[in-house]
Amino acid sequence: MALTTIGAKRIQTSKLADTIMADLQRKLKKLPAEVEKEWRTKARRKITRGVRRYLNAIDNVSTDENVDIRLRGKQANTIERGTRPYDIKE
């Protein structure tokens, strides 16, 4: 294989890797919002009392570098842990 052919293949491989990484970064940036959306959907299906307070307690403070989705507040966390009569675990 000629040296120029190897160089061309290396450039093609590098461009492909850059494209894959850019696509991965775009998908990873969408992930926190998708997780929060799924969390809210499941909560609406499972929780019958206090669902509004529970949904208001979901806090998504994700940045480009960090993902931080948490549940704030004692009442919402009581529901989450499954303390009777609020057990939503499957």
Side-chain angles (χ1 to χ4, degrees):
M1 187 178 286
L3 193 55
T4 55
T5 305
I6 293 171
K9 288 193 179 289
R10 187 174 184 187
I11 290 170
Q12 286 175 335
T13 302
S14 179
K15 287 180 181 178
L16 178 60
D18 289 346
T19 301
I20 291 170
M21 287 304 294
D23 187 45
L24 180 60
Q25 289 296 332
R26 278 191 302 277
K27 289 178 180 178
L28 286 174
K29 283 183 180 184
K30 293 179 182 178
L31 193 57
E34 291 297 319
V35 168
E36 181 182 353
K37 180 181 174 185
E38 183 65 20
W39 189 351
R40 289 178 180 281
T41 299
K42 286 190 177 204
R44 281 186 195 97
R45 282 190 209 135
K46 295 281 188 174
I47 302 170
T48 56
R49 293 177 55 200
V51 68
R52 182 60 42 208
R53 277 184 264 163
Y54 183 91
L55 293 174
N56 288 338
I58 297 173
D59 192 18
N60 182 350
V61 288
S62 300
T63 65
D64 287 341
E65 299 296 320
N66 298 305
V67 174
D68 189 10
I69 305 171
R70 65 178 81 177
L71 195 59
R72 292 179 286 107
K74 183 177 180 180
Q75 190 172 28
N77 278 285
T78 298
I79 293 170
E80 183 66 28
R81 285 189 210 104
T83 302
R84 289 183 213 162
Y86 307 104
D87 196 344
I88 64 170
K89 295 187 300 292
E90 294 179 10

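Throughout, residue positions are numbered sequentially from 1 according to the sequence presented.
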Would you mind reporting whether Asn77 and Lys74 have side-chain heavy atoms less than 4.5 Å apart?
no
What residues, two or more places apart in sequence or in another chain, satisfy side chain to side chain contact (heavy atoms under 4.5 Å, CB included) together with Arg40?
Glu36, Arg44, Leu55, Ile58
Can a salt bridge be assigned to the pair Asp23 and Arg26 using a cut-off of 4.0 Å between side-chain N and carboxylate O?
yes
What closest approach, in Å, do Ala76 and Leu71 show between heavy atoms, and which atom pair accounts for it?
O-CD2, 3.4 Å
Please find the pair of heavy atoms, one from Asn60 and one from Pro32, that lie closest to each other, and give the distance.
ND2-O, 3.7 Å
Would you find a donor on one side and an acceptor on the other, under 3.5 Å apart, between the side chain of Asn56 and the backbone of Arg52?
yes
Ala43 and Tyr54 have their tightest heavy-atom pair at CB-CE2, 3.6 Å
Do you know which two heavy atoms are closest between Gly50 and Ile47, and how far apart they sit?
C-CG2, 4.2 Å
Hydrophobic cluster mates of Leu16, side-chain heavy atoms under 4.5 angstrom, ILVMFWY only, any path?
Ile20
Only counting residues at least two apart or in another chain, list the ones meeting side chain to side chain donor-acceptor pair (under 3.5 Å) with Asp59.
Arg72
Report the distance from atom OG1 of Thr19 to atom CG of Leu24, rounding to the nearest 0.5 Å.
12.5 Å
Do you reckon Leu28 sits in the same ILVMFWY cluster as Met21, going by side-chain contacts under 4.5 Å, direct or chained?
yes
